[in-house]
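To start, the structure itself, in structure tokens.
Below, each value reflects all heavy atoms present in this structure, side chains not excepted, and no hydrogens, waters or symmetry copies. Throughout, a chain's letter reflects where its sequence line sits, starting with A, and its residues are numbered from 1.
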Amino acid sequence: MTRAAATPYEGDGMTERATEQDKYQPTVIEPKWQATWEADGLYKTDMTDESRPKHYFLTMYPYPSGNLHVGHWYAQTPADAAARYLRMRGNNVFFPMGFDAFGLPAENAAIKAARDGDTSVHPASLTRQRMAKMTEQFKQMGAMYDWSRTLATCEPEYYRWNQWFFIKAYERGLAYRKESYVNWDPVDRTVLANEQVIDGRGERSGALVERRLMPQWHFKITDYAEELLDFDGLDWPERVKTMQTNWIGRSEGATVTFASEAGPQLEVFTTRPDTLWGATFMVLAPEHPAVAEVTTDDQRADVDAYVEAAGRMSEIDRQSDTREKTGVFTGGYAVNPVNGKRIPIWVGDYVLVTYGSGAIMAVPAHDERDFAFARKFGLDVIPVVSPAGSEPLDGDSMTEAYTGDGVMINSGPFDGTPTGKGDGAGDGIAKVVAWLEEQGAGERKVTYRLRDWLISRQRYWGTPIPMLYCDQCGIVPEKLDRLPVVLPEDVAFMPTGDSPLNHHESFLNATCPECGGPAKRETDTMDTFMDSSWYWFRYLAPDLDDRPIDETLAKRWTPVDTYTGGIEHAILHLLYSRFFTKVLRDLGLVDHGEPFLRLRNQGMILGSDGEKMSKSRGNVVDPDDLVERYGADAVRAYLMFIGPWDQGGPWNPKAIEGVVRFLHRVWSTFVDPADSDAAVSDEDLADVRRSVHQTLENVTEDFDGFQFNTAVAELMSLQGVLAKAKSKALEATEVWQESRKLFLLMLAPIAPHLAEELWFRSGATASVHLEDWPDVDRSALETDSITLVVQVNGKVRGQVEVPTAASQADIIAAAKQDENVARYLEQGDIKREIVVPGKLVNFVVKA
RNA sequence: GCCGGGAUGGCGGAACGGUAGACGCAGUAGACUCAAAAUCUACCGGGGCAACCCGUGCGGGUUCGAAUCCCGCUCCCGGCACCA
């Protein structure tokens, strides 16, 4: 394949013609190469090619907001450079792109329009328009996306498989409907998963969430809590692993059953079974099911009022840690199973119904929260742990709980036993747990903070949950062969925001898959994180219409080798995806349980004022403008150059011009004829080669480590070296040919259009993007002589040039010759001589 | 409070325990120009005429040698947090 490489002529005078034609004009060459690459199918991955190792390189797909912003460019173009590098390294790289197309913003736009009396806006058409626009914008990045395999999650061809998985999970007991306290976002009018509530507010709307008791669909992610804590074999940032570990929140301890005098058995979870003998009261969460039963008649009014008040309180108020403890006595008593002691049962909202069993045994002497509660309400404080080597505690006079280890006291058979988990001095906990199990009073238990994934959303623009409610058969899943349950598009949006599905008769009224009688469809849709929990499998075969995943391609291409995206998904999307992959594994659909082997996060690009870009701040930078002004290559290179990719940083409108200047200099270095008549010596040639191969070595390392900023800096330096060395004589040499070739190969992942243009201009007949990454020629790095730093007592006092092969003795001798060094050596006796090969000499001198 | 990450010129940032500040921005001077822009060249942490001295958040330590390793702090960012 041969192509014309000349840029179109646009001037009209002879002088202008000569200069204009040879200028770097990104706006001319970039569309040209994009069209050529597309026509040639240059980035279409041959999924069956087994001659090279495969590499699945995935970037998080975007929500179709309507416009690409700089953040998209920052997420995508350095990732594209890394993918291109991996391709040049001999991998068969698959680099797809698609759209996370369901979600609230499009639906909210339709509702807002409906409020204004405009009923023509529909999330489906809006989303499709936006995807078309963004696809065109994506193509201007010059990224190597394989557009032959793409997807949009809002299409029935995609979401029918969400429904299919949902039913499979339901059949396995992994999807269930349960009435529970959920987070209701009053602005977005839907429930939210715990993961979507930040500081008591809806992640999207910012509204204070309310607690509501509602029947909702859940996925049983808690079944996988233990497995999700295992990151073995994953090359992921420590930060993300820590965040997920914190979120899952594993606690080891024991459950202990307390009998209440009113009847119900009250189970508590404790991480300190070694303090059981110090339990002086119990506290139930206000929502605990046994509250009414243990409450005595004379306390009932108080308890009811307290429970009702707690229910009205917002989550954020209730969880505030500055609040004083509140509670009320139920009048009921329980019996501590280890010592038969009668203890009062209280209700207090510092106990959460969602954690453990919603009830605690309170050991005020050794727990800060229980201590505060006991002091406020005048409850007993009985120390059962004595700090090693100090006076025993006194329950009446202590001013704070003692939470450290020590020796068990007042603890019946365990008096004298050192407390602890077994990793320190004592293992009282293990001993007590063993004893509890023996007595049948309790057992070892691991509790997690992680809650089941609440997947129902009371919204229209999402995957319909494929369940029906039949008067005869109860809750029934749709038959797999009747999928998809199509989301009707002929709907009217309510100004109230109420889901149109609630009012769509032909959707609502269906036949029961079991008995054929009338049944009502579930009108809740799925959380859009369902869509993104398996989409990378679907990219492999997006058109497959009889099953969700092509198992042959999945076996070869998954797990994803490299996944990149923002840190904001550290918990939500990444945890759900790990969970879902394990479910797919257990359903027998895939052969692995971890979706993403290597994870890298990019940071956030801020406005030039250092604040988050937003229209209201007026600090938004529009990538379309930048591309028009500087070219896509310049935007790419600048975003890579700005600093470490995982750090992000403010946009600097002046600094991008430095990168633009660099690209222009690259152009002129390889296009403009040399004007120097200087002769070229063998030494000059060796110097040029050394610079080129040294740069290659460094840039290779940079790409391996996702250090795009230093890769660009290296190329800037090399351009400077080449421009300085350039002469008519040098241009005639093979060294120059090689230098240009290697430079363009290294530039290709960063500035793919410019590299391609210069590649063809230098006589190539096939794309630079089909080339292999070059090897470093070690012999080019060798030198005859080397400059060493000479230190005296660790301070630099001179430099010395020695033959590369010089012996230590020769080096030391040469170093002593340096005039300045000699002055310092005279000030004392040389105690030590240290030679670091290739680096330095250090003399230790003492007077 | 617990966990993780960070602090280097005017700014963004470089630096396997071995010349701190690569590369870029900004700045200064010069060349080109009638002039400016663009471009090119040189300089560009602080102090000092200089030799040198000081300098990587703070205080110690290890080492021939520390931005880098260890101990103790300060501040900043992120996660978790009345989670029993």
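Residues A:Trp277 and A:Val432 meet the side-chain proximity criterion, which asks for heavy atoms closer than 4.5 Å.
The side chain of A:Tyr355 lies closest to B:A84, out of B:U19, B:A81, B:A84. Distance from the side chain of A:Trp247 is smallest to B:C80 among B:A84, B:C80, B:C16.
Below 30°, between 30° and 60°, or above 60°: for A:Trp346 and A:Phe377 the angle between ring planes is between 30° and 60°, a tilted geometry.
Residue A:Arg661 places at least one side-chain N or O under 4.0 Å from the OP1 or OP2 atom of B:C25. Note on A:Thr245: every side-chain N or O is 4.0 Å or more away from OP1 and OP2 of B:C80.
When the P atom of B:A66 is taken as reference, atom NZ of A:Lys795 falls 9 Å away, rounded to whole Å.
Formation of a donor-acceptor pair under 3.5 Å by the A:Lys726 side chain with backbone atoms of A:Thr669 is found in this model.
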- In dot-bracket form, how is RNA chain B paired, counting a Watson-Crick or G-U wobble pair only if both its distances are under 3.5 Å and using | for bases paired to another strand? (((((((..(((.....[....))).(((((.......))))).(((....)))..(((((..]....))))))))))))....
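The residue A:Gln799 sits close to a base: some heavy atom pair falls under 4.0 Å. Here A:Tyr638 lies out of heavy-atom contact (under 4.0 Å) with every strand. Within the nucleic acid shown, A:Arg665 comes within 4.0 Å of sugar-phosphate atoms alone, with no base atom in reach, counting heavy atoms only. Within the nucleic acid shown, A:Val363 has no heavy atom closer than 4.0 Å to any nucleic acid atom.
Taking 4.0 Å as the cut-off between side-chain N and carboxylate O, A:Asp677 and A:Lys728 count as a salt-bridged pair. The residues A:Arg250 and A:Glu252 are annotated as salt-bridged, a charged nitrogen and a carboxylate oxygen being separated by less than 4.0 angstrom.
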- Item | Under 4.0 Å protein heavy-atom contacts per nucleotide of nucleotides 2-13 of chain B, with B for base, S for backbone only and - for none | -SS-------BS
